[in-house]
Amino acid sequence: MRIEQDLKLGFKDVLFRPKRSTLKSRSQVDLNREFTFKHSGRKWKGVPIIAANMDSVGSFEMAISLAKYGAMVAVHKHYSVEQWADFVSANDASVLNNVMVSAGTSDADFDKLKDILALSDDLMFICIDIANGYSEHLVEYVQRVREAHPNMVISAGNVVTGDMCEELILAGADIVKVGIGPGSVCTTRVKTGVGYPQLSAIIECGDAAHGLGGMIIGDGGCACAGDVAKAFGGGADFVMLGGMLAGHQESGGEIIEKDGETFMKFYGMSSKSAMDKHSGGVANYRAAEGKTVLLPYKGSVENTIQDIQGGVRSTCTYVGAARLKELSKRTTFIRVQEQENNVYG
Ligand code: 5GP
């Protein structure tokens with residue numbers, strides 16, 4: 001048994017140190033990034049915030065609304081090829097370039113992925129994720145998908161350490177998805193005791209990926225716009241959000257009326273709710289590692305995405321970054337023992 005002694009950090013353990021800045025207004029900040037991806041060579045420009053591939057977040061409706069703000073959606077894997085065909089024929093590249101097609105890792109998933117990608121050349125992102133990205137099976141699957149789709153941008157995960165990040169990039173991933181246990185409806189840390197504080201995971205994996213010309217998605221654990229900014233500041237190229245974008249008109253969750261108020265159901269993809277819906281219940285060899293919660297209904301996601309983007313722009317002005325690209329270079333985190341003042345709740 002070994003114990004690593006160096007401290008690992010979550011979002012709540014740090015704040016940005018303000019820096020002198022020539023920026024007068026947050027309207028001067030550009031949140032767009034332009035990337036050329038390592039293996040596929042594809043280029044993409046947009047705001048690198050991604051709605052999570054959860055079936056009460058990553059819907060087609062979410063993709064259409066977020067595309068207006070340059071942001072992305074990892075569309076969940078429970079739509080049929082026919083539903084994809086309708087979506088693809090109704091939308092142009094401005095939406096389709098900002099969509100990731102999520103895929104499981106079975107042979108049937110491989111075939112379904114191929115059928116979806118054949119629908120349009122404007123689809124350019126594949127999102128392959130399993131809860132435990134340390135499995136050999138994932139590495140082999142990424143190699144197989146890379147061989148079959150040399151021109152697609154492949155994201156694979158989830159992992160939290162540099163070694164595995166490098167292995168996935170060498171296997172053919174352009175982007176590695178980083179995060180085990182930080183999610184708002186995730187119970188992995190309590191069920192298994194496994195996890196890694198998310199900001200340190202981002203810092204360490206970002207470093208490893210960038211060294212090889214790869215990129216990372218900081219996935220999970222953001223509870224407010226400040227956390228999204230911290231993820232970018234720590235070196236995330238993309239930030240993926242579940243809970244912050246759940247509960248909206250576009251999220252696709254079930255609406256529930258209770259005591260005269262409107263709520264929307266939101267659940268983890270390995271919660272009992274998700275397994276009952278998609279896999280006929282929780283198999284007896286596994287435990288659910290996700291929660292189900294009711295969120296107050298929040299209306300259109302457009303207000304929320306504007307709020308998040310406004311927050312990140314403001315962070316950039318505090319540290320003097322005219323573009324999101326400069327944020328991590330201009331970031332000094334200070335370790336803190338307090339965050340916001342909670343006198344009024
Ligand atoms: P959030 O932004 O809500 O904090 O985190 C979203 C992320 O949580 C997702 O992108 C995914 O990686 C992770 N996640 C979603 N459902 C589950 C689940 O049921 N169990 C676990 N362990 N993680 C989940």
Side-chain angles (χ1 to χ4, degrees), residues 10-12 48-59 62 66 71-78 100 102-104 125 127-135 138 155-160 175-199 201-202 205 216-232 236 238-248 251-253 264-279 281-283 286-295 298 301 304-305 308:
F11 298 126
K12 69 172 194 340
I49 293 174
I50 313 173
N53 46 333
M54 303 171 74
D55 63 6
S56 39
V57 181
S59 67
M62 184 68 80
L66 291 193
M72 304 181 71
V73 171
V75 174
H76 66 71
K77 63 184 180 196
H78 301 293
M100 297 180 125
S102 305
F125 288 95
C127 180
I128 305 167
D129 60 7
I130 57 177
N132 176 7
Y134 286 74
S135 149
L138 177 68
S155 149
N158 277 24
V159 302
V160 285
I175 310 173
V176 176
K177 202 142 87 65
V178 174
I180 294 184
S184 59
V185 282
C186 165
T187 56
T188 295
R189 291 180 183 174
V190 271
K191 283 288 169 71
T192 69
V194 177
Y196 212 92
Q198 182 67 353
L199 182 63
I202 288 173
C205 289
I216 64 160
I217 300 174
D219 173 22
C222 291
C224 55
D227 292 344
V228 179
K230 289 173 189 174
F232 284 127
F238 296 84
V239 177
M240 181 171 272
L241 304 175
M244 286 182 73
L245 300 177
H248 294 88
S251 309
M264 189 179 276
K265 214 167 165 185
F266 174 49
Y267 47 83
M269 293 316 293
S270 45
S271 64
K272 185 175 181 309
S273 300
M275 286 193 261
D276 285 348
K277 187 165 173 193
H278 301 296
S279 332
V282 182
R286 62 185 293 180
E289 285 177 29
K291 294 181 217 178
T292 301
V293 293
L294 286 186
L295 303 179
K298 302 179 202 160
V301 78
T304 302
I305 191 72
I308 295 170

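Start at 1 and go down the list; that is how both ligands and their atoms are numbered.
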task: Sort out for me which residue in K230, M244, M240, Q198 forms a side-chain contact (heavy atoms from CB on, under 4.5 Å) with C222.
output: M244
query: Taking the inter-plane angle between the rings of H78 and H278 on a 0 to 90° scale, is it parallel (under 30°), tilted (30 to 60°) or perpendicular (over 60°)?
result: parallel
- prompt: OG1/T304 to NE2/H248 distance, rounded to the nearest 0.5 angstrom?
  reply: 2.5 Å
message: So, taking the atom named NZ in K77 and the one named CG in D129, what distance separates them when rounded to the nearest 0.5 Å?
response: 7.0 Å
query: Can you tell me how far the CG atom of N132 sits from the OG1 atom of T188, to the nearest 0.5 Å?
result: 9.5 Å
field: Neighbour list for ligand 1 [protein residues, heavy atom under 4.0 Å]
entry: A52, M54, N158, G183, S184, C186, T188, D219, G220, G221, M240, L241, G242, G243, G268, M269, S270, S271, E289, G290
query: Rounded to the nearest 0.5 Å, how far does CG of L245 lie from CD1 of I308?
result: 5.0 Å
